[in-house]
> 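Pasting in a structure now, in structure tokens, and then I'll have a few things to ask.
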Amino acid sequence: MAELEPDTPFEAYVAERGENPRRGVRTMRLSDLPAGEALIRVAWSSVNYKDGLAVRPDGRVARIDPIIPGIDLAGTVVSADVDGLAPGAAVLAHGYEIGVARHGGYAEYARVPSEQVVPLPAGLGAREAMAIGTAGFTAALAIARLEDLGLSAGAGPVLVTGATGGVGRIAIDILAARGYEVWAATGKAAASSDLQTLGATGVLSRDEITAPGKALESQRWAAAIDSVGGPALPYILRSLRYGGAVAACGNAGGASLETTVFPFILRAARLIGIDSVDVPIADRRALWARLSDDLRPQHLELGLQSIGLDELDPALEAIHAGEARGRWIVRVGGEDAR
Ligand SMILES: NC(=O)c1ccc[n+]([C@@H]2O[C@H](COP(=O)([O-])OP(=O)(O)OC[C@H]3O[C@@H](n4cnc5c(N)ncnc54)[C@H](OP(=O)(O)O)[C@@H]3O)[C@@H](O)[C@H]2O)c1
């Protein structure tokens with residue numbers, strides 16, 4: 001593949017958050033991209049809650065201005081100044097500073113440090129990888145951590161909150177495929193049948209998990225994956241079974257945590273933190289290999305919408321407003337990639 005000139009132009013979705021906030025598709029040049037060994041032609045990206053924050057002046061996520069957002073990207077290596085990354089190799093990258101403190105995936109080209117690149121596992125295409133994206137990676141990470149702590153199918157019901165969101169729906173999908181009895185908590189009553197198609201045994205309303213309650217309630221959940229936080233996490237803690245564990249992934253419903261110590265000292269509850277951003281690269285590559293194998297979601301096409309860079313605005317608004325019902329993947333470099 002021929003070396004590209006620094007002034008090579010490409011299309012990118014750019015957000016400016018300063019005095020005159022504006023966003024939209026514009027032409028950038030390779031010389032606008034940050035330093036890094038791997039230049040990637042991006043085929044697909046995705047829309048995550050964090051992207052919805054990164055474009056907003058009040059979002060407190062982006063650390064450069066202007067920014068090409070997009071915390072996920074997948075495509076092919078154009079050039080890489082290191083061994084082991086050949087031009088043409090199918091790769092993905094996400095986490096670390098991508099789409100936050102360095103330009104991300106909403107552009108035809110991205111440049112990232114080689115130690116942040118994940119070769120696409122065999123059997124996983126770029127489009128499918130972005131249908132999983134950071135949201136699905138986070139769901140898989142939570143499930144892997146819970147299983148490391150001893151959770152197994154048959155242990156009892158597992159609750160997933162924020163069920164219609166990216167993390168929630170893929171968590172339900174993977175858990176159900178692994179034989180768990182999964183319950184979904186959602187604020188969208190109309191989504192029940194979709195959630196059951198994904199594999200949920202039953203559906204709770206958001207009100208049931210956010211109402212105030214006693215310090216301890218009847219023991220219901222063997223485990224939980226919580227992407228909502230706020231009042232949902234205290235509910236989970238006080239209704240976990242003895243020795244149960246909750247993986248705290250997000251704060252879509254609030255960042256403060258008000259609980260008592262009773263779930264911990266009387267029921268041996270375990271609260272584990274999930275962070276997808278700074279996962280060491282060897283662990284990240286290993287988990288992606290499992291996402292194409294035993295942790296592979298079975299219903300990625302359900303509720304999946306494919307959009308172009310020029311259709312990002314409404315998707316970013318909707319995900320920020322908590323109105324996501326499926327996942328958006330972003331077709332950046334055309335349909336030709338695997
Ligand atoms: N720890 C990590 O590394 C990591 C990685 C990815 C994401 N996250 C975080 O995880 C959370 C979910 O991410 P996502 O990509 O799944 O986002 P998402 O697609 O926007 O889904 C969030 C879901 O949370 C629920 N929700 C939204 N607003 C709410 C509110 N005010 N109160 C209660 N529930 C609300 C909604 O589901 P229902 O209507 O079905 O309840 C919504 O679909 C976010 O906080 C995100 O920042 C963390």
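The first residue in the sequence is number 1, and the count goes up from there. In each ligand, atom 1 is the first atom listed, and ligand 1 is the first ligand listed.
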> Decide, yes or no, whether a salt bridge links D294 with R178 under the criterion of side-chain N to carboxylate O below 4.0 Å.
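A salt bridge links D294 with R178.
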> Checking side-chain contact (heavy atoms from CB on, under 4.5 Å) for the pair H94/R284: CA distance, chi angles, key distance, verdict?
CA-CA 10 Å; H94 69 127; R284 190 183 300 280; 3.1 Å; yes
> Quick check: G187 and ligand 1, any N/O pair under 3.5 Å apart?
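Between G187 and ligand 1, an N or O pair is found under 3.5 Å apart.
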> If I apply the N/O under 3.5 Å rule, does N48 come out as touching ligand 1?
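There is no such contact.
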> I want to know if ligand 1 touches G168 in the polar sense, i.e. an N/O pair below 3.5 angstrom.
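Among all N and O atoms of G168, none is under 3.5 Å from an N or O of ligand 1.
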> Below 4.0 angstrom, N of the basic side chain to O of the carboxylate: do E317 and R56 qualify?
yes
> Who's the nearest protein heavy-atom neighbour of atom 17 (O) of ligand 1, and how far?
Y49 CB, 3.4 Å
> Please report which non-hydrogen protein atom sits nearest to atom 8 (N) of ligand 1, along with the residue it belongs to and the distance in Å to one decimal place.
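Its nearest protein heavy-atom neighbour is C249 O, 3.6 Å.
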> Which protein non-hydrogen atom lies closest to atom 42 (C) of ligand 1, naming both residue and atom, and how far is it?
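Checked against all protein heavy atoms, atom 42 (C) of ligand 1 sits closest to K188 NZ, 3.9 Å.
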> If the cut-off is 4.0 Å to any non-hydrogen atom of S276, which atoms of ligand 1 fall inside it?
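Those atoms are 2 (C), 3 (O), 5 (C).
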> Less than 4.0 angstrom from a charged side-chain N to a carboxylate O is my criterion; do E37 and R111 meet it?
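No, E37 and R111 are not salt-bridged.
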> Could you see which bit of R327 sits under 4.0 Å from ligand 1, with heavy atoms only: side chain, backbone, both or neither?
neither
> Using heavy-atom distances, let me know which of A135, G162, G165, A139 sits nearest atom 21 (O) of ligand 1.
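Among A135, G162, G165, A139, the closest heavy atom to atom 21 (O) of ligand 1 comes from G165.
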> Strictly under 4.0 Å, does any heavy atom of R206 approach an atom of ligand 1?
yes
> Is there a side-chain hydrogen bond (donor to acceptor under 3.5 Å, both in side chains) between E11 and T27? Walk through the geometry before answering.
CA-CA 5 Å; E11 297 285 280; T27 301; 3.2 Å; yes
> Quick check on contacts: which atoms of ligand 1 are under 4.0 angstrom from a heavy atom of G253?
30 (C), 31 (N), 32 (N), 33 (C)
> For ligand 1, which atoms have a heavy atom of A324 less than 4.0 angstrom away?
43 (O)
> Parallel, tilted or perpendicular: which one describes the rings of Y49 and H320, with boundaries at 30° and 60°?
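The arrangement is parallel - the two ring planes meet at less than 30°.
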> I want to confirm something. Looking only at heavy atoms, which of T186, T138, V167, V160 is nearest to atom 40 (O) of ligand 1?
T186
> Starting from atom 19 (O) of ligand 1, locate the nearest protein heavy atom and write down its residue, its atom name and how far away it is, to 0.1 Å.
G166 N, 2.9 Å
> What protein heavy atom sits nearest atom 11 (C) of ligand 1, and how far away is it?
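The answer is S227 O, 3.3 Å.
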> Are L73 and V47 joined in one hydrophobic group, where the rule is that I, L, V, M, F, W and Y side chains link up if heavy atoms are under 4.5 Å apart?
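L73 clusters together with V47.
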> Which protein non-hydrogen atom lies closest to atom 37 (O) of ligand 1, naming both residue and atom, and how far is it?
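The closest heavy atom on the protein side is T164 OG1, 3.3 Å.
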> Using a 4.0 Å cutoff against the non-hydrogen atoms of D275, which atoms of ligand 1 qualify?
3 (O)
> With a 4.0 Å cut-off, would you call E128 and R296 a salt bridge?
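A salt bridge is present here (some side-chain N lies under 4.0 Å from a carboxylate O).
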> Within the 4.0 Å heavy-atom shell around N251, which atoms of ligand 1 are there?
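Contacts of ligand 1 toward N251, numbered from 1: 45 (O).
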> Checking a contact table here: which protein heavy atom is nearest atom 29 (C) of ligand 1, and how many Å away?
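Minimum-distance protein heavy atom for atom 29 (C) of ligand 1 reads A252 O, 3.5 Å.
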> CG of D148: more than 12 outside heavy atoms within 6.0 angstrom?
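Enclosed: over 12 neighbouring heavy atoms sit under 6.0 Å from CG of D148.
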> Do you see a donor-acceptor pair shorter than 3.5 Å between the side chains of T134 and N48?
no
> How far does CZ of F264 sit from OG1 of T259, to the nearest 0.5 angstrom?
5.0 Å
> Ring-plane angle category for Y109 and F10, please: parallel below 30°, perpendicular beyond 60°, tilted otherwise.
perpendicular
> What residue and heavy atom of the protein are closest to atom 10 (O) of ligand 1, and at what distance?
G250 CA, 3.4 Å
